[in-house]
Asks: 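Encoded as structure tokens, here's the structure I'll be asking about.
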Amino acid sequence: MTCRATAFLAYTGDAVKLTPEFFNALKDGSRVTLTFHFWSGATVTYHVTKSGTR
């Protein structure tokens, strides 16, 4: 799944805030890989698994 337009609100204060719309688009039990590419050239990869509605 590629979700680029509404995946995050902003990168400010050393934080990336994911939107509720992003999480609502995931199916329960699905695992997604998020890779953030920053202007510095650094990348950070997270694995997220949705469980329930929260």
Side-chain angles (χ1 to χ4, degrees):
M1 172 183 190
T2 301
C3 184
R4 295 172 191 233
T6 60
F8 64 93
L9 292 172
Y11 172 66
T12 58
D14 294 328
V16 175
K17 298 178 182 178
L18 299 173
T19 64
E21 293 81 9
F22 171 76
F23 288 106
N24 290 338
L26 301 178
K27 293 181 182 178
D28 194 37
S30 65
R31 181 179 188 235
V32 296
T33 301
L34 303 173
T35 303
F36 296 99
H37 299 260
F38 298 97
W39 286 110
S40 67
T43 61
V44 178
T45 300
Y46 294 94
H47 301 282
V48 177
T49 302
K50 181 176 181 177
S51 178
T53 59
R54 293 184 164 242

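Computed from heavy atoms alone, side chains included, the values below leave out hydrogens, waters and symmetry copies.
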Asks: Can you tell me if F23 has over 12 outside heavy atoms packed within less than 6.0 Å of its CZ?
Replies: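 Yes, enclosed.
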
Asks: Could you tell me the separation between the CZ atom of F36 and the OG1 atom of T43, rounded to the nearest 0.5 Å?
Replies: 11.5 Å

Asks: What pairs of donor and acceptor atoms, side-chain ones from residues 24-32 against any protein atom, are under 3.5 angstrom apart with sequence neighbours left out?
Replies:
unit_1, atom_1, unit_2, atom_2, d
N24, ND2, P20, O, 3.2
D28, OD1, G52, N, 2.6
S30, OG, K27, N, 3.4
S30, OG, K27, O, 2.6
R31, NH2, H47, ND1, 3.1

Asks: So do the side chains of F22 and L34 get within less than 4.5 Å of each other, counting heavy atoms only?
Replies: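 F22 vs L34: side chains touch.
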
Asks: For T35, enumerate each residue passing the side-chain hydrogen bond (donor to acceptor under 3.5 Å, both in side chains) test, keeping only those at least two apart in sequence or located in another chain.
Replies: T45

